[in-house]
Asks: 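Before I ask anything, let me first share the structure, which is written out below as structure tokens.
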Amino acid sequence: MSEAVLTAWEAVRRVERRTLDALFASDPERATRLSGRIAWGEGDAGHGTAGGLLCDWSKTHLDDALLAAFERLAEACGFASRRAALLDGERVNVTENRAATHIAQRGIGAAADVEEAEALRERMRLLVEAVHGGALGEVRHLIHIGIGGSALGPALAIGALTTDGALVNTHVVSNIDGLALERAFGACDPATTLIAVASKTFTTIETMTNARSALRWLEESGVADPYGRVIALTADPDKAVAFGVDETRVLPFPASVGGRYSLWSSIGFPVALAAGWEAFTALLAGARAVDEHFRDTEGRANLPLRAAFADQYYTRVRGCQTRAVFAYDERLALFPAYLQQLEMESNGKGVTFDQQPVDGPTAPVTWGGLGTDAQHAVFQLLHQGTQLAPVDFIAAVAPGDALDPAHHRILLQNCLAQGAALMAGAKGEDPARAYPGDRPSATILCDDIDAATLGALIAFHEHRTFCNAVLMQINPFDQFGVELGKRIATAMDKGGGEPLDAGTRMLLEAAGLD
Ligand code: F6P
């Protein structure tokens, strides 16, 4: 890290620590000054249905002094030029020598990247329309096979956007455990089922093994042309064609779109098939509203950057090793898992982008779950445990259900009560009944959970992840940490590779795999 960055970090660390109570007491406007809204609306650059996110960071320890110190740090880290490089399609993924063009999939970026994305999206639209229009016969089910970034985004979006029923019943299968695929087979009629094979590399062992088993299932069920039922979503179309998928059913996406950033590309095909083309484009439009905010807003007013200031403060100044995310909305049940991959695979690194050891902790462990369920399971630790874990709450003003409004009212009241309780704490008649308080949380209150909002929420977190990476000087776009285990597993299967340790040999023998 440069001298300027180290000095800026020193200044951040020197800022006087104040309690949340004191921060609110000294600033009557704090709730409004530390919250901001990103909105979109009809007639507003084609963003679709009106909506917005209220991002409230007032219950974090950010104050004027910290914000100013972090703004200086961002400047020392070259935030503005790094953001410009990302948006201009420069090769920001330095270890893999390529750009990161997920934002171009939403219409913002270098003209050539945006044009390429549009052309590929048009190809996808035609196939989605053809399937909906019956060109592939009756299609009632889709088994979407992919893993990691090729599965989590579709699973999240389909779960959130098809609560009133899906145009095509979609089953996302990721695990190599055959039970996952068997369960999908059990829910599908082979004669009316399509298989989407989603893999950026088209080599991932779980996905390719599941794809072959799905083809066998179609064949054994009497489907005349099993390969004719397969659609490939990939950045390596040649491999998909070599696998046996007809070129007309291969939907490519650029190699510069990272797996965990790929929902916006042809990896979103099952979302468009299940929730409709309009929903898919609204997803992109919601993301674009956040992209515009991220591109056009400076300093603390840039809400993903402000969130990253708080993230860095808790991880690097207060030593927090985790950050918890609770979605108070069934539609967002998979959102914590989605963020886990986005944040931990992007920023769980040990070296800077110029290959130097990082001078402090990088990404905390992202974990979380669904409110209110989690309140009755893990919130004990958040309120009274010895670890400080900053919490994010995500909720929506509009309910996802049509039952007695009491359901949604109680859901939201519980969400907001948790943030208040964490901050205020309470005296107890004995230490076991006392709450220390001064525990930070942030709240993202969405108008509703529709496609645009989901796109906006994901884009907000993509940019927050990028901002965190810039402040730590790391490359968020590679993931070499996942490779070693894959190599050893492959060597085990082939009976080669480096000699294994005695402990692993014992386990292999016990598992009957020696
Ligand atoms: O193992 C990690 C990873 O490479 C993720 O980054 C990626 O999303 C996932 O595997 C699946 O990879 P692919 O889309 O190439 O099958």
Side-chain angles (χ1 to χ4, degrees), residues 92-93 95-102 105 120 124 143-158 172-177 180-181 195-215 230-245 250-271 334-335 337-349 362-363 366 458 461-462 465-466 469 474-493:
V92 291
N93 181 356
T95 47
E96 295 179 306
N97 193 29
R98 60 186 177 211
T101 59
H102 50 286
Q105 310 306 302
L120 293 173
M124 173 169 147
I143 300 182
H144 175 90
I145 296 175
I147 198 162
S150 294
L152 277 164
L156 164 67
I158 291 165
V172 177
V173 175
S174 50
N175 203 349
I176 185 65
D177 183 338
L181 196 54
I195 310 289
V197 182
S199 176
K200 178 174 175 180
T201 55
F202 230 74
T203 57
T204 304
I205 189 152
E206 292 94 330
T207 300
M208 301 324 296
T209 308
N210 278 330
R212 280 187 211 99
S213 294
L215 278 161
V230 178
I231 291 154
L233 321 171
T234 183
D236 198 337
D238 292 346
K239 283 216 178 70
V241 171
F243 181 80
V245 187
V250 177
L251 296 177
F253 64 93
S256 50
V257 174
R260 57 193 170 277
Y261 298 90
S262 62
L263 173 63
W264 326 101
S265 71
S266 64
I267 293 293
F269 171 79
V271 181
L334 289 178
F335 200 70
Y338 183 88
L339 279 194
Q340 216 167 35
Q341 177 181 29
L342 175 64
E343 299 182 352
M344 293 170 69
E345 197 167 67
S346 296
N347 286 345
K349 311 278 169 69
T362 57
T366 306
I458 298 174
H461 287 88
E462 285 180 353
T465 302
F466 174 78
I474 64 178
N475 172 12
F477 298 119
D478 62 14
Q479 59 284 320
F480 294 110
V482 301
E483 296 304 329
L484 179 58
K486 287 185 198 173
R487 280 209 296 276
I488 296 177
T490 306
M492 275 176 186
D493 203 43

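The residues of the chain are indexed from 1 along the displayed sequence. Numbering of ligands and ligand atoms starts at 1, following listing order. Small disclaimer: the values here were computed from a predicted structure and weren't measured.
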Asks: Of N475, T366, T362, I474, which meets side chain to side chain contact (heavy atoms under 4.5 Å, CB included) against N347?
Replies: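 The passing option is I474.
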Asks: Among all protein non-hydrogen atoms, which one is nearest to atom 15 (O) of ligand 1, and what is the separation to 0.1 Å?
Replies: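 Minimum-distance protein heavy atom for atom 15 (O) of ligand 1 reads T201 OG1, 2.6 Å.
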Asks: Test your reading of the model: is there a side-chain donor-acceptor pair from K200 to the backbone of A255, 3.5 Å cut-off?
Replies: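 Yes.
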Asks: Can you report which non-hydrogen protein atom sits closest to atom 7 (C) of ligand 1, along with the distance?
Replies: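 Scanning the protein heavy atoms, the shortest distance from atom 7 (C) of ligand 1 goes to G149 N, 4.0 Å.
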Asks: What distance separates L339 CG from R260 CZ, expressed to the nearest 0.5 Å?
Replies: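 So the CG of L339 and the CZ of R260 are separated by 13.0 Å.
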Asks: Only heavy atoms of Q341, strictly under 4.0 Å: list the atoms of ligand 1 that pass.
Replies: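 Those atoms are 5 (C), 8 (O).
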Asks: Is the distance between the ring centroids of F477 and H102 under 6.0 Å?
Replies: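 Here the rings of F477 and H102 have centres that are less than 6.0 Å from each other.
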Asks: Taking a cutoff of less than 4.0 Å between a non-hydrogen atom of the residue and any ligand atom, is E483 in contact with ligand 1?
Replies: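 Contact check E483 vs ligand 1: negative.
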Asks: Which residue owns the protein heavy atom closest to atom 9 (C) of ligand 1, what's the atom, and how far is it?
Replies: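 Here the closest protein heavy atom is I147 O, 3.6 Å.
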Asks: Using a strict 4.0 Å cut-off to heavy atoms of V482, name the atoms of ligand 1 that fall inside it.
Replies: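 Here the atoms of ligand 1 in question are 1 (O), 2 (C).
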Asks: In terms of atom number and element, which parts of ligand 1 are under 4.0 angstrom from non-hydrogen atoms of T204?
Replies: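 Listed by number with element, the hits are 12 (O), 13 (P), 15 (O), 16 (O).
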Asks: Please say which of T101, T465, I267, I458 ends up in a side chain to side chain contact (heavy atoms under 4.5 Å, CB included) with Y261.
Replies: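 Only one of T101, T465, I267, I458 forms a side chain to side chain contact (heavy atoms under 4.5 Å, CB included) with Y261, namely T465.
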Asks: Students often mix this up, so state it plainly: with edges at 30° and 60°, are the rings of F202 and F243 parallel, tilted or perpendicular?
Replies: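 Answer is perpendicular, since the angle exceeds 60°.
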Asks: Can you check ring pair (Phe, Tyr, Trp, His ring centres under 6.0 Å) on F269 and H144, steps first, answer last?
Replies: CA-CA 9 Å; F269 171 79; H144 175 90; 8.4 Å; no
Asks: When you measure from atom 2 (C) of ligand 1 to each heavy atom in E206, E345, R260, which option holds the nearest one?
Replies: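 It is E345 that holds the nearest heavy atom.
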Asks: Nearest protein heavy atom to atom 4 (O) of ligand 1, by residue and atom, and its distance?
Replies: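 Looking at atom 4 (O) of ligand 1, the protein heavy atom closest to it is K486 NZ, 3.7 Å.
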